Amino acid sequence: RIGRPPPLPPAGVPVPAASGPAARRMSTTLPGIAGSRGASAEKSLRSKSSSAILHPTTGSRFGYLGHLSLRDVEENQDALRNVSALDGASFLPHVMTMQRPSTPWQYNSPVRQIEEPVAVGAEAKDLEGRASPGPQGVGGGVGGTAAAAKSAMSKQMPLPANYVRRIRRRAQNSRTGPVDFRQQLADLKLLADSASRSGNIHQALQAYHKMGVVLDNQGMYQEAIQKYKQFLSLCITSKNTQGEALAYNCLGIDTFKIGHYDEAIQYHNKHLELADSTGRLIAHTNLGIVFQAMDLPEHAAIHHQHAIEYANRMGAKDAQCFTVGNLGIASAAQGDLQTSRICLQYHLNAAQKQRQVAPDTKFASHTFKSVSSNALHRLGQVNTTDGRFEEAASHFEKAMGVAKSKNDQTSEEKAGAMLGIARGLMDFDKHCASLLGGAHGNSSPAIADDCR
């Protein structure tokens with residue numbers, strides 16, 4: 001039941017895993033903060049000679065615009081950075097967010113809505129208390145309004161860096177198809193049935209994947225799982241390894257969302273076995289989040305450390321930002337507050353660095369304000385637990401300012417309440433000392449005992 005990640009080479013591991021109860025504090029060597037891609041990645045991209053051979057998927061109609069496979073050259077750092085720059089996934093800086101690989105460009109799948117961060121522990125209980133009973137994604141009410149806002153924000157995502165994916169995204173945003181998701185599903189079902197009857201298995205499996213994405217966007221995860229299982233079956237039949245890995249990722253995320261954690265671990269482990277370096281980074285991240293939700297922070301920390309290692313290999317600064325932040329959350333759950341504070345501070349600094357080079361858009365402003373507010377709040381909580389009340393008060397005050405700037409009243413009120421608690425704890429010892437001194441001066445043993 002417990003997923004065990006494949007062993008990594010011991011050399012160059014930036015964050016060694018803790019072993020045994022004695023190793024409560026993990027040593028942390030974090031990568032440097034720079035732009036979205038390292039200088040070595042840009043240098044290797046300009047180089048015309050490479051010892052690695054990039055194999056596109058077989059199929060003449062896709063040509064060299066197809067997926068580039070690096071399964072046979074995993075140890076070639078220049079090749080990994082080349083493919084990461086040419087066709088690599090771009091990551092948002094949110095922590096505790098399930099990650100998805102880029103779909104093959106020829107799939108022309110609908111645009112996915114942005115994944116929401118996963119709430120675990122006290123955060124999950126707090127969200128349950130404030131949850132609205134309205135339906136999700138369909139009709140009106142609070143659920144429909146939230147889904148509409150999420151869909152609108154997803155459409156404002158920046159275009160991919162890859163040329164082919166950029167053209168595909170523009171076509172997706174400009175096409176006029178059926179607005180009702182039920183009509184979309186009916187059209188795709190008709191396409192899948194006709195493709196199956198004609199023996200076009202590739203067209204059929206793409207249609208089932210599109211149906212799963214449409215259902216995911218509506219929050220209908222049970223129905224989406226059935227479509228992804230049909231997609232997986234066709235990928236296995238046609239020996240489509242890339243599609244099979246994508247199906248395992250989709251199934252792992254959806255089974256996690258409906259609370260089937262054991263199944264989610266099995267699917268993510270299957271994805272881990274088939275994936276390349278980017279896919280393994282994604283699979284380790286998702287496994288870490290699942291174990292965190294199962295209240296197994298030790299296992300979560302191990303997977304997040306492996307994710308950091310793959311992010312370092314690819315030179316992906318955007319991936320390093322959220323993987324280090326995830327490790328900080330897992331370390332806090334283990335009680336390793338020093339490692340947690342270091343990782344969360346790195347996550348905050350990396351996100352702020354990315355904001356400086358990101359385009360000045362509404363989406364970027366909203367994203368980085370949310371990330372900063374969340375990181376500052378978590379840093380305040382860690383410092384409060386560690387008895388660093390002055391630092392905690394400073395972080396909560398900054399978090400309250402960021403929440404106010406983006407008109408997030410809920411986060412602002414929460415940060416303000418925590419700020420009051422931190423300031424109260426900061427002066428509590430002085431208050432007790434003054435009461436204790438006054439009690440001794442008045443020779444009142446009862447008051448002195450109460451202060452003690």
Side-chain angles (χ1 to χ4, degrees), residues 14 28-46 81 84-86 88-97 99 102 114-115 117 153-163 165-166 169 278 281 285 307-308 310-329 340-380 382-383 391 394-408 411-412 415:
T28 309
T29 304
L30 302 179
I33 300 176
S36 60
R37 302 287 171 188
S40 58
E42 298 295 334
K43 182 178 178 180
S44 62
L45 182 60
R46 292 191 296 265
R81 290 185 170 90
S84 180
L86 287 171
S90 58
F91 300 98
L92 295 176
H94 298 286
V95 294
M96 293 298 292
T97 304
Q99 301 294 329
S102 299
I114 302 174
E115 289 290 332
M153 186 58 65
S154 300
K155 292 180 180 179
Q156 296 178 8
M157 289 183 63
L159 294 175
N162 178 268
Y163 174 75
R165 295 185 184 277
R166 182 183 293 265
R169 177 69 64 82
T278 304
L281 183 154
T285 297
I308 293 173
Y310 281 110
N312 292 344
R313 290 184 184 184
M314 299 186 322
K317 299 296 181 182
D318 50 359
Q320 291 169 355
C321 177
F322 74 82
T323 52
V324 174
N326 288 335
L327 178 60
I329 296 173
S340 177
R341 185 167 52 252
I342 294 172
C343 291
L344 289 173
Q345 188 62 57
Y346 175 89
H347 163 66
L348 177 61
N349 294 340
Q352 292 173 347
K353 185 68 176 180
Q354 289 185 37
R355 179 67 185 95
Q356 295 175 4
V357 298
D360 188 13
T361 61
K362 182 178 178 181
F363 177 84
S365 176
H366 176 80
T367 298
F368 287 103
K369 283 183 179 180
S370 299
V371 170
S372 298
S373 176
N374 184 275
L376 288 167
H377 192 87
R378 291 184 185 277
L379 276 169
V382 169
N383 284 318
E391 296 180 30
S394 174
H395 288 307
F396 286 131
E397 188 173 5
K398 293 177 182 178
M400 190 168 62
V402 174
K404 186 176 181 179
S405 67
K406 70 187 189 78
N407 297 322
D408 188 351
S411 298
E412 183 182 356

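One-based numbering along the sequence shown. Quick caveat: nothing in here was measured; it's all calculated off a predicted structure. When reading the values below, keep in mind they use all heavy atoms of this one structure, side chains included, and skip hydrogens, waters and symmetry mates.
- We find the CG-CZ distance between Leu348 and Phe368 to be 11.5 Å, quoted to the nearest 0.5 Å.
- His377 places none of its side-chain heavy atoms less than 4.5 Å from the side chain of Ser411.
- We find the CG-NE2 distance between Asn407 and His366 to be 11.0 Å, quoted to the nearest 0.5 Å.
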When you look at Gln354 and Asn349, which way does the side chain to side chain contact (heavy atoms under 4.5 Å, CB included) test go after all the steps?
-> CA-CA 9 Å; Gln354 289 185 37; Asn349 294 340; over 6 Å; no
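- Among all heavy-atom pairs drawn from Val324 and Cys343, the shortest one is O-CB, 3.3 Å.
- At distances below 3.5 Å, at least one donor-acceptor pair connects side-chain atoms of Thr323 with backbone N or O atoms of Gln320.
- Of all heavy-atom pairs between Ala319 and Leu281, the closest is CB-CD1, 3.9 Å.
- For Glu391 against Arg341, the heavy-atom pair with the smallest separation is OE1-CD, 4.4 Å.
- Leu92 places a side-chain heavy atom less than 4.5 Å from the side chain of Phe363.
- Applying the salt bridge (Lys or Arg N to Asp or Glu O under 4.0 Å) criterion to Glu412, with sequence neighbours excluded, gives no partner residue.
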Please test Phe91 against Thr97 for side chain to side chain contact (heavy atoms under 4.5 Å, CB included), starting from the C-alpha separation and ending with a verdict.
-> CA-CA 10 Å; Phe91 300 98; Thr97 304; over 6 Å; no
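- Here the closest heavy-atom approach between residue His395 and residue Leu376 is recorded as CB-O, 3.5 Å.
- To the nearest 0.5 Å, atoms NZ (Lys369) and CG (Asn374) are separated by 16.0 Å.
- Closest heavy-atom contact between Ser370 and His94: CB-CE1, 4.3 Å.
- For the pair Phe396/Asn383, no side-chain contact is recorded, criterion being any heavy-atom separation below 4.5 Å from C-beta on.
- Nearest approach of Pro93 to Val371, heavy atoms of both residues: CG-CG2, 3.7 Å.
- Under the salt bridge (Lys or Arg N to Asp or Glu O under 4.0 Å) criterion, Lys406 pairs with Asp408, not counting sequence neighbours.
- Rounded to the nearest 0.5 angstrom, Ser373 OG and Lys398 NZ are separated by 13.0 Å.
- Side chain of Thr367 to backbone of Ala364: no donor-acceptor contact under 3.5 angstrom is found.
- With Ser340 as reference, Val382 is the one residue of Ile329, Leu327, Val382 to meet the side-chain contact (heavy atoms from CB on, under 4.5 Å) rule.
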